[in-house]
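Structure first, commentary second.
On a predicted model such as this, the values are computed, not experimentally measured, just so you know.
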Amino acid sequence: MSTSVVVTGLGVVAPNGLGAEEYWSAARVGKSGIGRLTRFDPTQYPARLAGEIHGFEAEQYLPSKLLPQTDRMTRLALVAADWALEDAGVRPQELPAFDMGVVTSSASGGFEFGQRELERLWSQGSEYVSAYQSFAWFYAVNSGQISIRHGMKGPSGVVVSEQAGGLDCLAQARRQVRKGTPLVVSGAVDASLCPWGWVAQMTSGRVTTSEDPAGAYVPFDDRASGHVPGEGGALLVLEGKEAARARGAKVYGEIAGYGATFDPKPGSGRPSTLRKAIETALADAGVEARDVDVVFADGAAVPELDRIEAEALNEVFGAGQVAVTVPKTMTGALYSAAGALDVATVLLAMEEGLIPPTMNTEPAERYGLDLVAGHPRTTEVRTALVVARGQGGFNSALAVRAAD
């Protein structure tokens with residue numbers, strides 16, 4: 001169980017860039033993909049901003065037979081997986097099927113597909129509902145479709161833990177590699193920008209109703225009023241370090257440590273357990289707090305949640321003693337995919353030696369954070385911590401270490 005697990009491939013689909021290179025070119029300079037919703041008319045809804053992916057035509061990347069059976073979320077995930085495998089220099093058809101697994105996360109499943117088929121059910125009748133509705137909406141569909149497309153028959157599954165899922169699934173993939181699976185594709189892509197998904201997201205009470213794209217999603221800011229939802233995410237190729245080196249693969253970095261906790265019931269009077277998740281991840285990685293160069297924070301942009309996160313970070317690292325950033329202010333919160341995209345961003349940041357900025361935020365002094373706001377910061381990044389929290393009490397932290 002001591003195998004070092006590394007990332008050898010990245011596939012990114014984000015509102016501010018398709019592909020890791022395009023995404024990083026935008027993120028490193030603070031280019032945002034947030035704007036008014038265009039996938040449907042949001043006029044009748046209180047929230048109208050989103051991080052949308054524009055210019056993605058699934059027909060350019062996927063065979064036509066896949067299109068009738070897949071939601072937009074799954075199409076994006078399939079393309080991201082293709083890109084990650086290509087980046088890793090992996091040809092799945094040349095590997096034993098049981099040596100490859102897929103572990104993804106999802107917060108909602110294929111809501112857009114599901115909404116369309118349910119509309120057909122009540123407006124036209126059951127005979128008009130696609131047979132693919134039986135699985136296209138399901139949380140596990142991305143894992144299933146990726147594994148089928150690439151003939152991957154090793155340990156596979158889906159992790160559902162709301163916005164913490166993107167880190168939890170990477171930890172599960174790491175566990176499978178340590179158990180002996182040579183290669184696992186892991187990460188998350190979410191896309192619920194349809195009326196059904198939109199209403200579901202607004203019930204959380206955590207979505208901002210601001211209509212200013214440049215000031216709507218502002219964590220650790222006195223103006224904070226919630227997050228902007230987004231679509232997209234990242235899929236990564238995980239392998240054992242020695243095996244990756246043996247085949248001459250490029251190694252982006254190591255998934256070095258992981259910790260997860262669950263908060264007590266609201267109103268119980270007991271404190272959040274986020275600090276414990278962070279400390280567990282650092283201990284698992286064998287690093288001290290002083291070794292961490294940057295924290296990619298969850299950044300809920302809800303004052304009470306921001307306070308809890310800031311307090312946990314300050315208790316572990318000391319007030320203002322570690323750089324903190326929230327690059328998802330450029331994409332919106334991608335739900336289960338947010339953590340996976342943050343990990344991909346960490347690895348790209350390590351490669352260049354640059355911390356991408358938290359955009360549009362004016363850091364409030366009361367949080368006591370060294371927030372990288374407005375402009376990127378050039379510095380060596382050897383060890384990073386990614387934090388993700390899901391509604392309902394999920395807390396996860398992942399420590400990432402740069403390649404040798």
Quick check against the 3.5 Å criterion: does [X] have a side-chain atom that pairs as donor or acceptor with the backbone of [Y]?
X	Y	answer
H227	G332	no
Q176	Q172	no
T325	P356	yes
T181	L183	no
K328	A297	yes
D221	V218	no
E254	R401	no
S156	G154	yes
S4	K241	no
S186	C169	yes

Only one of T70, D71, T74 passes side chain to side chain donor-acceptor pair (under 3.5 Å) with N142, and that residue is T74
Quick test of your reading: applying ring-ring contact (aromatic ring centres under 6.0 Å, His included), list the pairs with at least one residue in residues 247-301, sequence neighbours left out, ordered by first then second residue.
F262-F394
Given R366 and D306, is the salt bridge (charged side-chain N to carboxylate O under 4.0 Å, His left out) satisfied, shown in steps?
CA-CA 11 Å; R366 60 193 172 93; D306 283 355; over 6 Å; no
Give the C-alpha distance, both sets of side-chain angles, the deciding distance and a yes or no for side chain to side chain donor-acceptor pair (under 3.5 Å) between T38 and E52.
CA-CA 8 Å; T38 63; E52 287 183 282; 3.0 Å; yes
Aromatic rings Y367 and F220: how do their planes relate, parallel, tilted or perpendicular, breaks at 30° and 60°?
perpendicular
Mind telling me whether F40 and W198 have parallel, tilted or perpendicular rings, with 30° and 60° as the class edges?
perpendicular
For R377, give me all partners under salt bridge (charged side-chain N to carboxylate O under 4.0 Å, His left out), at least two apart in sequence or on another chain.
D370
Sequence neighbours excluded, the answer for salt bridge (charged side-chain N to carboxylate O under 4.0 Å, His left out) partners of E351 is K250
Can you establish whether the number of heavy atoms outside H54 located under 6.0 Å from its atom NE2 is more than 12?
yes
For the CD atom on E127, are there more than 12 heavy atoms of other groups (residues, nucleotides or ligands in this structure) within a distance under 6.0 Å?
yes
Do NZ/NE/NH1/NH2 and the carboxylate oxygens of [X] and [Y] come within less than 4.0 Å?
X	Y	result
R389	E309	yes
E279	K276	no
R382	D293	no
E112	R72	no
R247	E239	yes
D99	K153	no
R28	E352	yes

Just verifying a value: how many Å separate [X] [atom1] and [Y] [atom2], rounded to the nearest 0.5 Å?
X	Y	atom1	atom2	result
N360	M330	CG	CE	9.5 Å
L385	D291	CG	CG	12.0 Å
L170	R175	CG	CZ	11.5 Å
Q115	W196	CD	CH2	7.5 Å

[Y] side chain reached by [X] side chain, heavy atoms, under 4.5 Å:
X	Y	result
P303	R223	no
L313	V322	no
V102	V184	no
T273	P264	yes
L369	N314	yes
Q124	V129	no

Using the side chain to side chain contact (heavy atoms under 4.5 Å, CB included) rule, pick out the option among V343, L235, D87, T345 that qualifies with L10.
D87
Result of checking L49, T43, L193 against L37 for side chain to side chain contact (heavy atoms under 4.5 Å, CB included)
L193
No-hydrogen, no-angle side-chain donor-acceptor test under 3.5 Å, [X] and [Y]:
X	Y	result
S192	E231	no
T331	Y23	no
D263	S272	yes
S336	D190	yes

Between [X] and [Y], which heavy-atom pair has the shortest distance, and what is it?
X	Y	result
S268	K265	OG-O, 2.9 Å
P357	A27	CD-O, 3.4 Å
P92	M100	O-CE, 3.5 Å
P219	T329	CD-CG2, 3.5 Å
A289	L282	CA-CD1, 4.2 Å

Keeping to residues at least two apart or across chains, list the salt bridge (Lys or Arg N to Asp or Glu O under 4.0 Å) pairs with something in residues 9-25.
none
Side chain to side chain contact (heavy atoms under 4.5 Å, CB included), that's the test. Do Q93 and H150 meet it? Break it down for me.
CA-CA 7 Å; Q93 66 271 25; H150 297 290; over 6 Å; no
Please enumerate all residues that pass side-chain hydrogen bond (donor to acceptor under 3.5 Å, both in side chains) together with S210, with sequence neighbours excluded.
none
Partners of R116 by side-chain hydrogen bond (donor to acceptor under 3.5 Å, both in side chains), sequence neighbours excluded?
none
Step-by-step side chain to side chain contact (heavy atoms under 4.5 Å, CB included) determination, I255 to V7
CA-CA 7 Å; I255 304 300; V7 177; 3.9 Å; yes
Hey, mind stepping through F317 and V324 against side chain to side chain contact (heavy atoms under 4.5 Å, CB included) and telling me if it holds?
CA-CA 11 Å; F317 299 100; V324 177; over 6 Å; no
Aromatic contact, W137 with F113 (centres under 6.0 Å):
no
Strictly under 6.0 Å, is that where the ring centroids of Y61 and W83 end up?
yes
